[in-house]
Amino acid sequence: MPPTSSAASTAACAAAAGAGAAAKAAPLSRAVFAPRRWHERGAANHGWLKTFHTFSFASYHDPRFEDFGPLRVLNEDRVAPRTGFPTHPHSNAEIFSYVLSGELTHKDSLGNVEVLKRGEVQFTSAGSGIRHSEYNDHPSEAVHFLQIWYTPDQRNLPPKYYTHPQISDAAKRDVLLTLIRPASTFTAQELSLTGLLPAGRAIPAHAALVTRASLLSPRAKVTHQVGGETGEKEGERWVYVHLAMSSGWKDPDVYRAALRKAVQGNQSHKDRLAHAANFLEHVYGEAPDWSTTAKSQDGSEHAARKMEKQQARPQVTLTFAQSIDGFIAGPGKKQVALSAPESFVMTHAMRTMHDGILVGVGTLKSDDPQLNARLLNPLPSGEAPSLASLPRPIVLDTSLLTPLEAKILANHAAGTGARPLLVTSVGGAHAARAGWAERRAALTEAGAEILEVPSSATDAAQLDWKAVLAALDGAGIKRLMVEGGASVISSLLCAHSASSDEPLIDTLIVTISRQALGAGESYVAPTWLARTLLPGSVKTSRRGKARALLSKTPSAEPFGMDFVLAWGGGAPPSAAQATVRVGETVLEEGDGVFVRQARVGETLEIENLSARDAEM
Ligand SMILES: NC(=O)C1=CN([C@@H]2O[C@H](COP(=O)(O)OP(=O)(O)OC[C@H]3O[C@@H](n4cnc5c(N)ncnc54)[C@H](OP(=O)(O)O)[C@@H]3O)[C@@H](O)[C@H]2O)C=CC1
Ligand SMILES: Nc1nc(O)c(N)c(N[C@@H]2O[C@H](COP(=O)(O)O)[C@@H](O)[C@H]2O)n1
């Protein structure tokens with residue numbers, strides 16, 4: 001039976017913390033988030049048992065991950081049919097099993113025998129000592145469950161055992177259901193109960209922690225109020241959120257091997273193409289189409305999305321490569337290959353997803369680029385990218401100074417490149433300059449199309465971005481990739497930022513090279529970059545919509561020695577795997593996140609970004 005929606009476990013763990021005034025239901029102000037990625041957790045595949053360990057456990061040992069407050073173990077286990085953990089002892093641990101799918105048979109030295117199914121929880125306070133076994137007696141179905149251990153704050157307590165009546169999915173849907181609370185928050189009469197608890201009653205733990213579960217519907221949000229379950233007034237708490245791997249087991253060895261190849265430069269050309277296509281599909285929600293008939297069919301999906309937004313402009317991707325110290329070219333605007341070979345392939349793959357690639361005339365003169373997709377050759381089909389799949393080179397060139405011998409013109413004349421489009425200003429100072437009309441005629445003769453648009457109202461020397469985009473849209477450019485250089489990137493970012501209600505950039509993709517240039521051409525001051533791009537800047541921003549794109553956590557992907565960061569893109573929410581946002585951290589299935597320095601009274605928002613249920 002396929003795992004359907006199940007529950008996710010949110011473990012909120014108490015920490016000794018300094019005092020501070022209680023905030024009133026405000027978002028976390030100074031909390032520190034540290035993701036624990038699924039493929040970085042300890043993992044073992046014993047055949048009968050597939051397991052992930054958040055903390056050191058069994059043969060997995062990492063001194064950085066021993067515990068988190070009283071939270072000592074968080075294992076996500078899949079046990080094959082008719083196998084399990086034979087009888088073994090425990091003492092001074094509180095053990096919580098949470099079944100996501102399948103059946104788990106528990107037997108212990110206190111005489112308890114129980115077959116736990118989805119939605120059933122079981123808690124053993126091992127105290128001075130118990131022995132138990134956990135078995136999957138089902139003939140054909142694996143059991144998938146979380147096992148979580150807490151370290152009690154008292155040693156050698158009398159052993160105790162608790163279960164719940166089955167908790168339905170409906171009871172956990174779109175709420176944070178409290179399963180465990182500190183024993184100190186129960187009455188003596190409540191504490192005297194053991195075994196099967198009344199429906200809805202939380203389980204007491206001998207530790208300062210609260211454990212909650214949720215089944216979040218697509219796009220639903222829940223809010224965890226820090227310290228809200230224990231009535232505290234002030235101080236700091238720690239929170240751990242774990243997103244269960246409900247849509248199926250993922251093999252960490254396969255993932256790590258692919259990652260190693262990607263970062264060590266061991267990818268074959270085919271691997272590089274596949275890696276680039278996967279990444280772009282993740283960002284845009286569609287993979288590049290390299291069939292010979294691709295491109296210039298007006299990208300129906302993009303056109304549809306555009307119509308939804310009623311924009312008279314193309315979908316815009318701004319992309320560039322920068323050194324680790326923030327330069328996009330060397331001193332004197334000398335062209336530098338900052339991108340690793342792997343990310344160059346990704347950039348060329350991205351080019352084939354756009355109708356036009358735009359640069360300023362500065363770049364055209366200094367780099368003489370081709371703006372084609374030659375690095376994709378050969379495609380998986382064995383062929384070179386077809387002429388029909390190539391984007392049109394576009395140059396912002398108000399004075400029409402594009403050299404007649406530019407490669408983009410030569411390629412077009414030779415039948416190996418799409419027709420260049422030169423964007424110039426209509427009338428005005430540029431057209432009045434000596435030789436403008438002659439250059440216009442010569443460039444047209446050389447095969448270029450000339451597009452005239454008004455100059456910027458605020459800066460007569462520059463073209464107005466809204467006018468440029470509208471004109472390109474009219475010329476059939478429905479998807480535009482802006483590559484640079486320094487002045488163009490800077491002016492587009494400024495225009496985007498200034499245009500609060502009608503942002504101009506839909507997707508931002510930045511290749512961060514590990515090279516440091518020390519000096520060179522930067523497109524913008526690093527502090528401005530940080531203010532504009534970094535998550536959190538939205539808080540201080542008065543430019544809501546425009547900055548909204550840039551204030552989200554970007555996707556990050558290694559390409560050889562580079563990291564590529566992508567904001568926006570518009571991929572539809574995935575239905576294959578759950579993805580949730582915890583504060584500003586995005587988790588995929590099997591990931592967790594440590595949240596430190598959350599203050600009592602503050603709120604942590606968790607949102608399901610995917611098109612399937614998320615279980616925490
Ligand atoms: N690392 C990377 O990813 C990339 C790096 N680069 C590097 O960038 C450098 C070139 O940058 P730069 O010299 O600034 O040249 P640009 O390519 O940014 O071109 C700037 C010129 O474009 C014209 N222009 C017209 N309208 C506008 C507008 N609205 N905004 C900005 N420019 C406009 C202007 O010329 P006019 O008034 O005559 O029309 C302007 O001088 C090169 O060293 C190149 O190697 C380039 C691309 C990518
Ligand atoms: N992605 C990327 N990485 C770099 O390191 C770069 N220097 C650039 N530069 C851009 O690519 C153009 C060259 O294009 P062709 O290979 O000739 O097609 C260059 O002009 C910049 O726009 N990009």
Side-chain angles (χ1 to χ4, degrees), residues 276 317-323 326-352 357-376 385 390-391 393-402 406-408 410-411 417-418 422-425 428-431 433 436 439 451 453-469 471 481-496 504 509-515 517 520-524 559-562 564:
T317 299
L318 172 62
T319 186
F320 52 88
Q322 68 165 72
S323 63
F327 298 105
I328 68 160
K333 297 195 175 170
K334 190 173 176 307
Q335 185 182 21
V336 181
L338 289 162
S339 297
E342 294 81 357
S343 37
F344 264 130
V345 166
M346 189 282 297
T347 299
H348 280 218
M350 192 185 351
R351 284 178 174 179
T352 65
I357 311 300
L358 184 148
V359 294
V361 67
T363 296
L364 198 86
K365 286 197 279 190
S366 67
D367 298 2
D368 194 13
Q370 302 197 54
L371 309 177
N372 58 15
R374 64 194 178 282
L375 295 181
L376 304 185
L390 296 181
I394 301 171
V395 186
L396 291 193
D397 182 9
T398 46
S399 299
L400 291 181
L401 294 173
T402 294
K407 285 183 185 149
I408 53 171
N411 287 347
L422 310 182
V423 186
T424 183
S425 61
H430 293 87
R433 275 192 200 154
W436 187 87
R439 285 197 299 280
L451 196 64
V453 301
S455 298
S456 160
T458 50
D459 182 354
Q462 298 232 316
L463 292 164
D464 175 74
W465 272 104
K466 283 189 182 163
V468 168
L469 295 178
M481 177 164 146
V482 178
E483 275 205 5
S487 316
V488 162
I489 297 168
S490 182
S491 77
L492 179 57
L493 277 170
C494 285
H496 170 85
L504 303 180
I509 300 189
V510 184
T511 296
I512 312 278
S513 159
R514 287 185 214 188
Q515 295 180 58
L517 296 186
E521 185 68 17
S522 66
Y523 59 93
V524 78
F559 280 89
M561 293 293 283
D562 302 339
V564 176

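Counting starts at 1 for both ligands and their atoms, in listed order.
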Query raised in the report: Against heavy atoms of A321, which atoms of ligand 1 measure under 4.0 Å?
Result: 1 (N), 2 (C), 3 (O)

Kindly list each side-chain donor-acceptor pair under 3.5 angstrom involving residues 328-345, sequence neighbours excluded, with atom names and distances?
residue, atom, partner, partner atom, Å
S343, OG, A340, N, 3.3
S343, OG, A340, O, 3.3
S343, OG, D562, OD2, 2.3

Look at [atom] and find which of [options] reaches it with the closest heavy atom.
| atom | options | value |
| --- | --- | --- |
| atom 42 (C) of ligand 1 | G485, G330, S366, A337 | S366 |
| atom 18 (O) of ligand 2 | R351, Q335, M350 | R351 |
| atom 15 (P) of ligand 2 | Q322, M346, R374 | R374 |

N or O pair under 3.5 Å between [X] and ligand 1:
| X | answer |
| --- | --- |
| L463 | yes |
| S487 | yes |
| V359 | no |
| T398 | yes |
| L338 | no |
| T363 | yes |
| D397 | no |
| Q322 | no |
| F320 | no |

With nothing but distance in play, are any N or O atoms of [X] less than 3.5 Å from an N or O of ligand 2?
| X | result |
| --- | --- |
| V336 | yes |
| A321 | no |
| T363 | no |
| P369 | no |

Query raised in the report: For V423 and V395, what are the C-alpha separation, side-chain angles and deciding distance, and is it a side-chain contact (heavy atoms from CB on, under 4.5 Å)?
Result: CA-CA 6 Å; V423 186; V395 186; over 6 Å; no

Heavy atom under 4.0 Å from ligand 1: found in [X]'s side chain, backbone, both, or neither?
| X | result |
| --- | --- |
| D367 | side chain |
| A486 | both |
| A329 | side chain |
| E483 | backbone |

For [atom], find the nearest protein heavy atom and state the residue, atom name and distance (0.1 Å precision).
| atom | answer |
| --- | --- |
| atom 17 (O) of ligand 2 | Q370 N, 2.9 Å |
| atom 1 (N) of ligand 2 | S339 OG, 3.3 Å |
| atom 10 (C) of ligand 2 | E483 OE1, 3.3 Å |
| atom 5 (O) of ligand 2 | L338 N, 2.6 Å |
| atom 23 (N) of ligand 2 | F344 CE2, 4.0 Å |
| atom 19 (C) of ligand 2 | D367 OD2, 3.2 Å |

Query - Sub-4.0 Å heavy-atom contact, L401 with ligand 1 - result: no

Scan the side chains in residues 359-368 for donor-acceptor partners under 3.5 Å anywhere in the protein, sequence neighbours excluded, and list what turns up.
residue, atom, partner, partner atom, Å
T363, OG1, G485, N, 3.0
S366, OG, G362, O, 3.2
D368, OD1, K407, N, 2.9

Using 0.5 Å steps for rounding, measure from the [atom1] atom of [X] to the [atom2] atom of [Y].
| X | Y | atom1 | atom2 | value |
| --- | --- | --- | --- | --- |
| F320 | T511 | CZ | OG1 | 9.0 Å |
| H348 | R374 | NE2 | CZ | 5.0 Å |
| T347 | E483 | OG1 | CD | 7.0 Å |

Query raised in the report: Are the side chain of S513 and the backbone of S323 linked by a donor-acceptor contact shorter than 3.5 Å?
Result: no

Query raised in the report: Distance below 4.0 Å between atom 7 (N) of ligand 2 and any protein heavy atom?
Result: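 Given the 4.0 Å cut-off, atom 7 (N) of ligand 2 counts as touching protein heavy atoms.
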
Report task. Select one of side chain, backbone, both or neither to describe which atoms of F320 lie under 4.0 Å from any atom of ligand 2, heavy atoms only. Result -> neither

Query raised in the report: If we ignore angles and hydrogens, is there a donor and acceptor under 3.5 Å between the side chains of S399 and W436?
Result: no

